[in-house]
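What follows is one structure encoded as structure tokens, with my remarks underneath.
Positions are given from 1 along the sequence. As a basis for the values below, the full set of heavy atoms in this structure was taken, side chains included, without hydrogen atoms, waters or symmetry mates.
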Amino acid sequence: MKIYNSIEEFAASGVDKTIVTTGTFDGVHLGHQSILKKIQELAGAKKMESVLLTFSPHPRTVLFPDNNEMLFLSSPAEKKELLDKAGIDHLIIHPFTKELSRVSAVDYVRNILVGKLHVKTLVIGHDHRFGRNREGSIKELKEWGPTFGFEVEEITPFTYDDVTISSSKIRRAVAEGDMHTANSYLGYTYSLHAKVVRGLQIGSTELGYPTANLEVTDTTKVMPADGIYAVYVHISDQSSVISGQSLLTTTLYKGMLSFGHNPTVEGKGRSMEVHIFDFSDNIYDKELVVFFSKKIRDEEKFTTMDALKRQMDNDKEVALKILVD
């Protein structure tokens, strides 16, 4: 996959016949994957190049800078990896600005899609909006296609168990700790990159469950709800990009992770800690990728450390049943 940092950079590439889709593609979930598969099929059949046009930063962060709490399912690096795995020929990541937001729908089609991307077939979702004040829709695209010399392939909503998949629904599922739903809609296992930092070491000294205290390195990603999770862990000396789609081809350890305020241990504060099963190496300052398989339970306050340890013994049994080989 070739990556371009602007529309102008792609326009200078010499590619003159394209199958194009456009959108944010946060998480590159099953719905996105169906669109990408469609444009790859069309590109192969028509002997053209497949192109995805996306924007950075996210338009909402530019248009509403004072009222923005936008979190994402994938980091920019993870998104590139996921799109590369999908087999797209060209990825254009164009800077989104307020000036761009003021371009009319017809000028966007005429000057960008046709004039610079050389679109011959536009593959687009039924609810896609574009142009100044989101004035353009698939209705206008179908009307303008014959005039500007391109066809429109409308993508119907992608459903899973009769539910229409969207990035917003997946973000909500992650935030609620519903990893089964999130992972089912993504088509892979949701993950976070983190660095191992020093904690209070209570897990190893009092509980017999040594934990790695984690500091998430990409704070723009959606954080799962507080609780205890069954997880897979990849350990790396480098902050290499490994997304959920790499789960089956990556060296992984099984473990359980606690995220929240640790109500049993006073003064510990909010933290994320992972206990890796059958593992004793020193991994301070190492980069980890944590794959969230399933939430085991909510946080709970225990009256004694012994009660907490008994619960952790039970959590481990549950986690091992979830984390099948």
Side-chain angles (χ1 to χ4, degrees), residues 1 3-4 6-7 10-11 15-56 58-60 63 73-74 79 82-83 86-94 96 100-160 163-170 185-187:
M1 181 178 71
I3 301 175
Y4 308 84
S6 70
I7 292 168
F10 175 81
V15 178
D16 61 357
K17 292 182 180 180
T18 62
I19 311 291
V20 175
T21 191
T22 182
T24 303
F25 279 68
D26 180 32
V28 194
H29 56 64
L30 289 177
H32 296 142
Q33 293 169 38
S34 70
I35 295 175
L36 298 173
K37 181 179 179 181
K38 180 68 174 180
I39 72 168
Q40 284 299 92
E41 291 173 349
L42 289 171
K46 298 185 178 185
K47 294 181 171 54
M48 296 182 187
E49 300 281 299
S50 59
V51 175
L52 168 60
L53 170 63
T54 190
F55 300 96
S56 181
H58 191 284
R60 192 181 303 176
L63 298 176
L73 298 169
S74 53
K79 186 190 292 188
L82 290 163
L83 293 171
I88 295 301
D89 296 321
H90 305 278
L91 170 62
I92 305 170
I93 307 172
H94 188 79
F96 190 85
L100 181 61
S101 73
R102 299 185 185 108
V103 175
S104 69
V106 68
D107 283 344
Y108 172 80
V109 170
R110 176 173 49 221
N111 300 331
I112 295 177
L113 294 183
V114 176
K116 294 181 179 179
L117 303 191
H118 308 293
V119 61
K120 297 302 177 185
T121 300
L122 182 65
V123 180
I124 209 73
H126 72 289
D127 58 351
H128 181 69
R129 308 292 302 193
F130 62 98
R132 181 178 53 219
N133 298 323
R134 294 168 55 85
E135 63 190 8
S137 69
I138 196 163
K139 175 178 178 291
E140 284 76 27
L141 289 172
K142 288 181 175 180
E143 290 174 354
W144 297 337
T147 301
F148 292 114
F150 65 87
E151 300 176 341
V152 176
E153 288 274 349
E154 180 178 355
I155 298 294
T156 56
F158 188 91
T159 61
Y160 183 94
V163 176
T164 301
I165 293 178
S166 68
S167 295
S168 60
K169 288 179 181 177
I170 301 172
Y185 291 177
L186 286 169

| query | ring pair (Phe, Tyr, Trp, His ring centres under 6.0 Å): which pairs involve residues 20-47, sequence neighbours left out? | reply |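 Applying ring pair (Phe, Tyr, Trp, His ring centres under 6.0 Å) to every pair that reaches into residues 20-47, excluding sequence neighbours, yields Phe25-His32, His29-His32.
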
| Which residue pairs satisfy the ring pair (Phe, Tyr, Trp, His ring centres under 6.0 Å) criterion with at least one member in residues 129-158, sequence neighbours excluded? |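 Counting only pairs at least two positions apart or across chains, the ring pair (Phe, Tyr, Trp, His ring centres under 6.0 Å) contacts touching residues 129-158 are Tyr108-Phe130, His128-Phe130.
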
Taking all non-hydrogen atoms of both residues into account, name the closest pair between [X] and [Y] and its distance.
X	Y	result
Thr164	Pro157	CG2-CB, 3.7 Å
Gly27	Leu186	O-CD2, 3.9 Å
Gln40	Ile88	OE1-CA, 3.9 Å
His94	Ser6	ND1-CA, 3.5 Å
Leu117	Thr18	O-OG1, 2.7 Å
Glu135	Ala105	OE2-N, 2.8 Å

| field | Sequence-distant partners of Tyr185, ring-ring contact (aromatic ring centres under 6.0 Å, His included), two or more places apart | value |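 Listed in chain order: Tyr160.
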
| request: For Leu63, check side chain to side chain contact (heavy atoms under 4.5 Å, CB included) against everything at least two apart and list the hits. | output: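 Leu63 satisfies side chain to side chain contact (heavy atoms under 4.5 Å, CB included) with Phe96, Ser101 once adjacent residues are dropped.
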
Going by salt bridge (Lys or Arg N to Asp or Glu O under 4.0 Å), name the residues that satisfy it together with [X], two or more places apart in sequence or in a different chain.
X	result
Asp107	Arg110
Arg134	none
Lys120	none

Got a sec, which residues hit side-chain hydrogen bond (donor to acceptor under 3.5 Å, both in side chains) with [X], two or more places apart in sequence or on another chain?
X	result
Asp89	Ser50
Thr54	none
Lys169	none
Glu143	Lys139

| message | Tell me which pairs pass side chain to side chain donor-acceptor pair (under 3.5 Å) where either residue lies in residues 148-157, with sequence neighbours left out. | response |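 Residue pairs with at least one partner in residues 148-157: Lys46-Glu151, Lys142-Glu154.
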
